[in-house]
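This structure is a prediction, so every number in the text was calculated from the model and none was measured. Lettering of chains follows the sequences in order, A, B, ..., and the numbering in each one begins at 1.
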There are 2 protein chains.
Amino acid sequence: MSGPPVNTTAPRARDEQERATTVASDGFGPRPRPTIRNVAERAGVSKSLVSLVLRGSPHVSEHRRQAVLTAARELGYRPNAVARSLVEGRTHLVGALVADLHNPFYAEFLDGLQESLHGDGLRLLIGNSQWDPAFEDEAVEAFLELRVDGLVLLGIAPTSETLIEATSYTPTVVVGERDIELDSVDIVVDDDQLGARLAVDHLVEHGHRRIAHIEGARSSAARFRCEGYLVAMRRHALAPYIMVEHGDFSEEGGRRAAHALLSRDPRPTAIFAANDVVALGVLTAATEMGLSVPEDLSVVGYDNTHLSSVHHISLTTVDQPRRAMGRSAAALLSDRIGDPAKVARLRQVTPQLVVRRSTGPVPQGADNV
Amino acid sequence: MSGPPVNTTAPRARDEQERATTVASDGFGPRPRPTIRNVAERAGVSKSLVSLVLRGSPHVSEHRRQAVLTAARELGYRPNAVARSLVEGRTHLVGALVADLHNPFYAEFLDGLQESLHGDGLRLLIGNSQWDPAFEDEAVEAFLELRVDGLVLLGIAPTSETLIEATSYTPTVVVGERDIELDSVDIVVDDDQLGARLAVDHLVEHGHRRIAHIEGARSSAARFRCEGYLVAMRRHALAPYIMVEHGDFSEEGGRRAAHALLSRDPRPTAIFAANDVVALGVLTAATEMGLSVPEDLSVVGYDNTHLSSVHHISLTTVDQPRRAMGRSAAALLSDRIGDPAKVARLRQVTPQLVVRRSTGPVPQGADNV
DNA sequence: CGCGGGGGAGACACATGTCAGGACCGCCAG
DNA sequence: CTGGCGGTCCTGACATGTGTCTCCCCCGCG
């Protein structure tokens, strides 16, 4: 066992007397939380009335209402969401299962998601599967036991038994995966094929012909981007120049694939990577092979991760409107929670090319080979 | 209202018949979830016995145990965590309030946190305050209503009324902030002062004297790093060369501060930034002013964010063992949940210098000015 | 036959929302 | 003036799904 690099664990100085007066504790840890009953007693009413006041019922006299509110405030009363959930049959919780919290794409998506869910009175619970199907199932299991009102699957297709069963119990939105033939599952994706086309078109405008593609990991998004690349190349009558190498959505994978591509003769003058992270690997490979970007090689990524906007990198890339996608997912989910029998919907957002400094005109003499 | 860039929302094709057979639904959305009662009836026992079996009681005959387990499996029974929480008085939930989910530092910390919490049977609930004190209070309010068993504050010091009150009800761990005079609050930090010393020592070893510091936002971590810088400079008898500029933990802030520093005459030959993100801004400023790194200027960051390891950036930085910190926080919290009356503890981890390519020897003739 | 113990059942508690009904008041008609 | 009626305000009982505790039954053994 590798111990954590902890070098100090010390009790902090404490003034026991201050503690007693500040917290008004009995010395046995946190004080018990006041219940609706305590409020009722203090206000001299029944607990039902307290409930009515707190739920904003109009059939309460102003006199009692004030008494209840005052008592609640004085006691620092906070309704117990657990008990409320039990009787309401709703938890107002949404579970988001993320394939990889590290990917900044998901973080920004979650911003938009949480923002919108919050507006609908829903709270976000995040689980991280770390790309491990076992963790996926376990996290979903936890969500189901908690009786979350909705489920959001990020970069995860419901293929396992557990996940499929989950979608039959709980309104679900899948993000970034297509081809899901399940009812009560809405889908949010960007138009990957169009995004790929934008990238290729941009490179063609700069005179590039030998445009290669590094494919992403086994996911429908990667498949669609590759397909978009192929279609666009053919449309520009560049079918003879089609080159596809396989990467795995990682920087190292991108680096390896780029090495392979750039060792060809003639080598590509431009590379469209499945991913910003992969594109970063391409940049590294280019440096290692003594090629400068964009003079010798143009590079395009996908996602417009904040990485790509860093000055030193300045990567031309395809932007997915992540926040908007998050908001869409929230809207679809709220809708489905309201009426679970709704027809499954597919919401597709439009990607946009962001031109930075990793792309430029084709090198002189490179296209007459 | 700026509409989201949605271009398609279409009903997906559905085979209603398939739906009916697959989901066995009555056409009114998700089927009701089986309860412990349903399992009891199917197994021909009382619900108490089902509970005993599921909780692993030894005083159950093998015959009945099998009957119960079979019935539960056939019904797809999953215990209702809400009801269980209500009776147990524990939710097994931990709320983490993060100042900024975008900062990769927090994401990696959360990895370690979740990993360890999971081992203790606790689940992680994440709230994002976006640096807004109003959001902080609201998120904490939500956590309190949910009756989370523990609270983790990331980059947030409990100063507001609501937060202070929260710590008196709920075991709390604060990460990255010091000087908290509250009971039942444990603290996890790295030794910021030591980290700063490591950075300065490294630069001094390379012959640098005119070493500047860009201070972070108003937080105790930033204050300690600055103090560490000052102490280290004095220890090396470099007090006359002390230069401190203010940044705000953002890339843009770092860029501005670097511009100011690099416009001085004589200008610093090295900059120690409060943060990796700030350091990125310094790199940008250097490029803009025609200075190359590390030939003309050495740059050191803090955090060892994954950003710093990107090949094109390759930033020398001070590593905080984030995952280990996450695990420490989890351990402290579990401990305190077990015994809330524990004395408050401070756990300090040791930072480590990671040398990459943004630092090098002092430029020729720069130190004889 | 009595007693002990294993195995199982029923009742209660957790904190809240809801709903049916009850108390009280005022107004109107007899 | 009084009884009835309608409306307002409030209360008590019940329900949500589970864990636990007490009690009971029955079987086996002494």
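- The main-chain N or O of A:Thr162 is never found under 3.5 Å from a side-chain atom of A:Asp137 such that the two would form a donor-acceptor pair.
- Across residues 35-45 of chain A, A:Val45 each have a non-hydrogen atom less than 4.0 Å from an atom of DNA chain D (numbered order).
- Atom OG1 in B:Thr172 sits 11.0 Å away from atom CD1 in B:Ile187 (nearest 0.5 Å).
- Panel note: side chain A:Asp149, backbone A:His92; a donor-acceptor pair is recorded below 3.5 Å.
- A salt bridge does not link A:Arg147 to A:Glu88: none of the charged side-chain nitrogens sits closer than 4.0 Å to a carboxylate oxygen.
- At a threshold of 4.0 Å, the pair A:Arg323-A:Glu115 counts as salt-bridged, since one of the basic side-chain nitrogens sits closer than that to a carboxylate oxygen.
- Here A:Leu117 contributes atom CG and A:Leu333 contributes atom CG; the two are 6.5 Å apart, rounded to the nearest 0.5 Å.
- In terms of modelled atom types and a separation under 3.5 Å, the side chain of B:Ser328 and the main chain of B:Ala324 share a donor-acceptor contact.
- Interface residues of residues 74-88 of chain A facing DNA chain D, ordered by number: A:Leu86, A:Val87; criterion, heavy-atom separation under 4.0 Å.
- Side-chain contact between B:Leu52 and B:Lys47: absent, with no pair of heavy atoms (C-beta onward) separated by less than 4.5 Å.
- Here D:dC10 presents its C1' atom at 13 Å from CZ of A:Arg65, a figure rounded to the nearest Å.
- Atom-to-atom distance recorded for B:Leu101:CG and B:Leu110:CG is 6.5 Å, nearest 0.5 angstrom.
- A 4.0 Å heavy-atom criterion places the boundary nucleotides of DNA chain C facing chain B at C:dG7 to C:dA15, written 5' to 3'.
- Here the straight-line distance linking atom CG of A:Leu163 with atom OG of A:Ser168 works out to 11.5 Å at 0.5 Å rounding.
- One finds no side-chain N or O of A:Arg64 lying less than 4.0 angstrom from the OP1 or OP2 phosphate oxygen of D:dC9.
- Direction change of the helix axis from one end of the helix from C:dC1-D:dG30 to C:dG30-D:dC1 to the other is 70°, with five pairs defining each end axis (rounded to 10°).
- Under the 3.5 Å distance criterion, the side-chain polar atoms of B:Ser334 are matched with a main-chain donor or acceptor of B:Ala330.
- Listed by residue number, the members of residues 46-57 of chain B with any heavy atom below 4.0 angstrom from DNA chain C are B:Ser46, B:Lys47, B:Ser48, B:Leu49.
- Remark: A:Leu124 CG to A:Ile126 CD1 distance equals 4.5 Å, nearest 0.5 Å.
- Electrostatic pairing of A:Arg347 and A:Asp186 does not count as a salt bridge here, judged by no charged N lying under 4.0 Å from a carboxylate O.
- Listed by first then second residue, pairs satisfying side chain to side chain donor-acceptor pair (under 3.5 Å) with a partner in residues 62-81 of chain B read A:Glu141-B:Arg78, A:Glu165-B:Arg78, B:Arg42-B:Glu74, B:Glu62-B:Gln66, not counting sequence neighbours.
- Note that the CG atom of B:Leu154 and the OG atom of B:Ser129 stand 9.5 Å from one another [nearest 0.5 Å].
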